[in-house]
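Reviewing the structure listed below.
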Amino acid sequence: MTLRIYDTRAGKKVPFEPLTPGRVGMYSCGITVYDLCHVGHGRKEVAFDVIARYLRASGYAVNYVRNVTDIDDKIIRKAEAEKRTAAEVAHEFTEKMNADFRALDVLPADHEPHATDHIAEVIEIIQRLEARGLAYAAGGDVYFSVPGFAPYGRLSGQHIDDLRSGARIEVDEHKKSPLDFALWKGAKPGEPFWESPWGNGRPGWHIECSGMAHRYLGEPFDIHGGGADLIFPHHENEIAQSEGAFGEGQFARHWIHSGMVNFGGEKMSKSLGNFVTIRKVAETYDLEALRLHLIGVHYRSPVAFTIAHDDKGHARYPEIDEAEARLAYYYRTLDRLAEAPGEDDGGAVVAPADKTITSFNDAMDDDFNTAAAIGQLSEAFLLANKLLDDPKAAAKDVRRRTLARLRKDLAACGAALGIFQRPSAAFLEGYRLRLCGRRGIDPAAVEARIVERSEARKAKDFTRGDEIRRTLQEIGVELMDTPAGTTWRVTEPR
Ligand SMILES: [Zn+2]
């Protein structure tokens with residue numbers, strides 16, 4: 001199967017063929033760095049991280065560009081309020097954003113350009129637009145003339161006349177049309193500024209992306225992405241600027257948009273004040289669980305995120321509880337698979353272990369359907385556990401080979417999704433401690449009881465040994481006797 005992607009402009013799934021065989025240029029709009037990132041930001045980053053990972057796993061050389069908007073009204077306002085410079089605010093939140101993305105296993109993009117480092121590209125594009133009669137200076141600002149760009153509205157499926165009649169009449173005497181938007185904003189007293197042919201000022205938000213895409217990808221390039229809330233006006237305006245400056249068709253060939261996080265029946269959004277930061281989730285959960293939850297839904301569909309409070313009043317996120325338990329099951333299985341002897345010599349295996357990779361790729365080739373792809377992995381995990389639990393489930397050599405195949409294929413698919421990439425013990429130990437904390441279990445006391453039990457058993461006092469096992473079970477601790485000694489885990493609350 002070849003890769004098909006849902007192109008927002010086409011309004012349907014289309015076969016993906018890159019401009020240059022084997023290479024993909026991709027741009028996605030990054031964060032405006034004036035505050036901590038929330039789960040909605042995380043969803044978009046994880047979605048495009050998976051797309052970049054999967055394209056690479058499919059053999060493409062990917063040039064992925066994700067910008068940082070480090071100058072903006074919101075940054076300036078925050079800096080004024082805190083008596084800092086805009087650059088200080090932007091720097092602080094860029095660092096925090098990077099740390100949050102790392103914790104979510106989002107790989108760095110190939111280029112992470114900052115808007116303020118690309119003023120020259122912005123000026124170049126505005127000059128091209130001016131030369132083509134698509135930009136005009138007025139009152140210290142420079143505007144894009146929307147009525148001069150006939151294809152305006154095509155991405156969002158709107159017609160320019162309807163947009164005009166529906167436009168709010170803004171108090172801005174300089175704009176020739178209410179649809180026109182700022183390319184360059186003249187500096188007000190005290191604001192940071194850069195020099196330009198139109199006076200001191202700074203770029204508008206939309207033009208930055210045209211400038212940075214121009215610098216790192218050139219025209220045209222394969223994929224432009226972002227959250228669905230950027231389709232209009234941000235992406236519509238990017239198209240107008242870049243195609244206005246470089247010619248029709250000289251910008252992104254495909255548009256991909258990720259869906260929103262549905263939080264309490266509304267879009268999770270900073271501006272609506274309806275959000276939970278990634279850091280807040282990390283206080284209670286392993287962020288890999290958040291990542292698994294986010295990719296458990298197709299990237300274009302809304303993903304649910306709800307909040308509940310436990311009896312101590314601590315915030316809990318039921319979907320993340322569930323994802324964390326599922327991840328623990330994956331890691332426990334991988335841990336057992338790692339211990340299973342045997343190599344894969346390519347011979348016959350128990351079905352469906354022969355099809356893990358093909359089924360996974362088929363799902364991902366269908367517009368990066370991670371939900372279906374994870375469903376395929378679940379089949380593989382189910383089979384692994386069946387074979388691990390029952391040594392007689394298949395002939396000895398077939399069983400060993402199948403387990404080796406599953407071990408290898410699950411690792412490869414996990415890498416393409418950016419999940420279960422750590423040593424199992426690293427996740428499972430942390431998970432056990434978190435469950436202990438949530439259920440008020442003292443790990444040291446459990447360890448002491450285990451020592452007590454093994455002493456009782458050594459002294460052949462099996463009644464006492466069983467009693468200890470039972471009392472631990474009652475508080476949610478399950479003991480596992482292995483040749484290497486007794487281990488334990490906290491059972492997941494149901
Ligand atoms: Zn953008």
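One-based numbering, in listed order, for ligands and for the atoms of each.
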Is there a donor-acceptor contact under 3.5 Å linking the side chains of W255 and E238?
->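 The answer is no; no qualifying pair exists.
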
Are the charged groups of R434 and D321 less than 4.0 angstrom apart, N to O?
->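 No salt bridge links R434 with D321.
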
Between Y27 and Y64, is the ring centre distance below 6.0 Å?
->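 Between Y27 and Y64, the centre distance exceeds or equals 6.0 Å.
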
Pairs involving residues 31-55, ordered by first then second residue, that meet ring-ring contact (aromatic ring centres under 6.0 Å, His included) (sequence neighbours left out) |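 As it turns out, the ring-ring contact (aromatic ring centres under 6.0 Å, His included) pairs with a partner in residues 31-55, which skip direct neighbours, are H38-H41, H38-F275.
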
Quick one: salt bridge (charged side-chain N to carboxylate O under 4.0 Å, His left out) pairs with a partner in residues 288-300, sequence neighbours left out?
->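 Salt bridge (charged side-chain N to carboxylate O under 4.0 Å, His left out) check on residues 288-300 returns D49-R291, E288-R422, R300-D367.
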
Within-2.8 Å protein N/O/S contacts of the Zn ion (ligand 1) |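 Those protein N, O or S atoms (cut-off: under 2.8 Å from the Zn ion (ligand 1)) are C29 SG, C209 SG, H234 NE2, E238 OE2.
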
Set of salt bridge (charged side-chain N to carboxylate O under 4.0 Å, His left out) partners for R43, sequence neighbours left out |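 Listed in chain order: nothing, the list is empty.
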
